Participant: 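Next up is a structure, given as structure tokens.
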Amino acid sequence: MDLKKLSNLQQQLAKQVIIPNEDHRFKSNDLIFSLDIQYKNNIAFVGLDIQTYAGEIIGTYVEKTSVDMEYIPQFFCFREGPPLLEIIQLVQKKLNLNPDLLIVDGHGIAHPRRFGVACWLGVHTNLPVIGCAKRSLLPYQGNLAEKRSSSLPVFLKQEIVGKVLRTQDNVKPVFVSVGNKINLNTAINIILQLSPKYRICEPLRRADHMARVYAKN
DNA sequence: GCGACAG
DNA sequence: ATCTTGTCGC
């Protein structure tokens, strides 16, 4: 694996990421596609949950695909990006439903080269994408308050590229960053809104659960 | 040089 | 991510 080449590719593609200054105003019927992957040997089970912005659950689906690259930290997008894109296009065609926002398990620009898997999906779909990860790739400083909705900035050099966000009182935080066509403030508000009860937001939990069930049969 | 490192 | 026992809590 030529990591030098992939590293250059990430830096090139990172230039295509668009981050607006204005908050995004979603409509009640806008569709949110949320994705997560479970692995069984070299087979990926991709879960895709569809709900409206208002909260109506449309359904959760799973597709089985092969995965052709190993997991390498910082190069995660090249492993998970293609399977994710595949199921999005498949479900889109099959159900004739078009997403207005994607939420993915992983980072957006909170990445050493500003190009996590959420960015990869962003430049390949031209859609708004939010990355929501369970661990950070970049350092942050300070003590995060224990109350829900507390947050601290995550820096790359001097720039804020993401936030550590507590989605529940006294529960480990998640790491939110944008992948494309949405700003951090909007992303944080949406993740909080979608996390009324648990650490991980509801649509990602459904996608994870569905993929997990299928991976065991 | 060594270790750490999203899923 | 996955491999694992018991255990705590709703």
Side-chain angles (χ1 to χ4, degrees), chain A residues 1 3-4 6-7 9-11 13-14 17 34-49 62-88 102-124 129-141 152-156 161-165 167-180 184 187-188 191 196-217:
Chain A
M1 201 84 331
L3 296 186
K4 182 67 186 168
L6 291 180
S7 181
L9 179 57
Q10 287 179 319
Q11 296 185 52
L13 293 175
V17 170
S34 303
L35 304 122
D36 189 38
I37 297 188
Q38 297 294 323
Y39 297 95
K40 187 161 189 176
N41 301 317
N42 254 10
I43 301 176
F45 293 82
V46 189
L48 192 168
D49 179 86
V62 176
E63 291 294 339
K64 204 173 83 170
T65 70
S66 65
V67 50
D68 33 37
M69 190 183 152
E70 57 184 324
Y71 168 67
I72 304 172
Q74 300 187 15
F75 298 90
F76 183 53
C77 64
F78 301 113
R79 172 178 169 88
E80 288 216 348
L84 294 177
L85 183 58
E86 191 178 317
I87 190 180
I88 290 169
L102 305 178
I103 300 177
V104 56
D105 202 334
H107 293 293
I109 63 170
H111 176 281
R113 289 171 296 284
R114 302 176 57 103
F115 201 74
V117 64
C119 300
W120 191 98
L121 270 182
V123 303
H124 284 82
V129 189
I130 298 172
C132 186
K134 295 182 281 297
R135 304 170 64 182
S136 186
L137 272 173
L138 300 171
Y140 62 95
Q141 47 185 330
L152 289 175
V154 173
F155 289 94
L156 178 63
V161 290
K163 282 201 167 173
V164 193
L165 175 68
T167 53
Q168 302 299 327
D169 290 357
N170 306 308
V171 168
K172 279 203 304 182
V174 297
F175 300 83
V176 179
S177 61
V178 304
N180 193 40
L184 185 55
I188 293 290
I191 292 300
K197 198 163 163 45
Y198 300 104
R199 178 188 181 218
I200 304 301
C201 65
E202 293 297 321
L204 278 183
R205 292 183 80 243
R206 289 193 294 267
D208 174 275
H209 181 251
M210 193 65 73
R212 201 176 290 272
V213 167
Y214 272 71
K216 279 195 174 180
N217 303 313

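When reading the values below, keep in mind they use all heavy atoms of this one structure, side chains included, and skip hydrogens, waters and symmetry mates. Here is the naming used below: chain letters follow the sequence lines, and residue numbers restart at 1 for every chain. The shown structure was predicted, so the numbers you read here are calculated from the model rather than taken from an experiment.
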Participant: Quick check: on DNA chain C, is the nucleotide nearest A:A215 upstream (toward 5') of the one nearest A:K197, or the reverse? Name the residue that is more 5'.
Facilitator: A:A215

Participant: Reading DNA chain C 5' to 3', which nucleotide is the first, and which the last, to come under 4.0 Å of any heavy atom in chain A?
Facilitator: C:dA1 to C:dT2

Participant: For DNA chain B, what dot-bracket results from Watson-Crick or G-U pairs at under 3.5 Å, with [ ] for crossers and | for inter-strand partners?
Facilitator: .......

Participant: Quick one: pull up CG in A:L102 and OG in A:S34 and give me the separation to the nearest 0.5 Å.
Facilitator: 8.5 Å

Participant: Using the ring of A:F45 (Phe, Tyr or Trp, six-membered ring only), decide whether A:R212 places NZ or CZ under 6.0 Å from its centre and within 45 degrees of its axis.
Facilitator: no

Participant: Working to the nearest 0.5 angstrom, can you tell me the gap between A:I109 CD1 and A:L156 CG?
Facilitator: 8.5 Å

Participant: Is it the case that over 12 heavy atoms from other parts of the model lie below 6.0 angstrom from the CZ atom of A:F78?
Facilitator: yes

Participant: Working to the nearest 0.5 angstrom, can you tell me the gap between A:I87 CD1 and A:T65 OG1?
Facilitator: 8.5 Å

Participant: Please round to the nearest 0.5 Å and tell me the distance separating atom CG of A:L137 and atom CZ of A:R113.
Facilitator: 9.5 Å

Participant: Decide, yes or no, whether a salt bridge links A:D36 with A:R206 under the criterion of side-chain N to carboxylate O below 4.0 Å.
Facilitator: no

Participant: Treating primed atoms plus P, OP1 and OP2 as sugar-phosphate and everything else as base, which nucleotides of nucleotides 2-7 of chain B get B, S or - for protein heavy atoms under 4.0 Å?
Facilitator: ---BBB

Participant: What is the distance from atom CD1 of A:I103 to atom CD1 of A:I200, rounded to the nearest 0.5 Å?
Facilitator: 11.5 Å

Participant: Calculate, to the nearest 0.5 Å, the distance between atoms CZ and CG belonging to A:F115 and A:L6 respectively.
Facilitator: 11.0 Å

Participant: Looking just at side-chain N and O atoms, do A:R114 and A:Q11 make a donor-acceptor pair shorter than 3.5 Å?
Facilitator: no

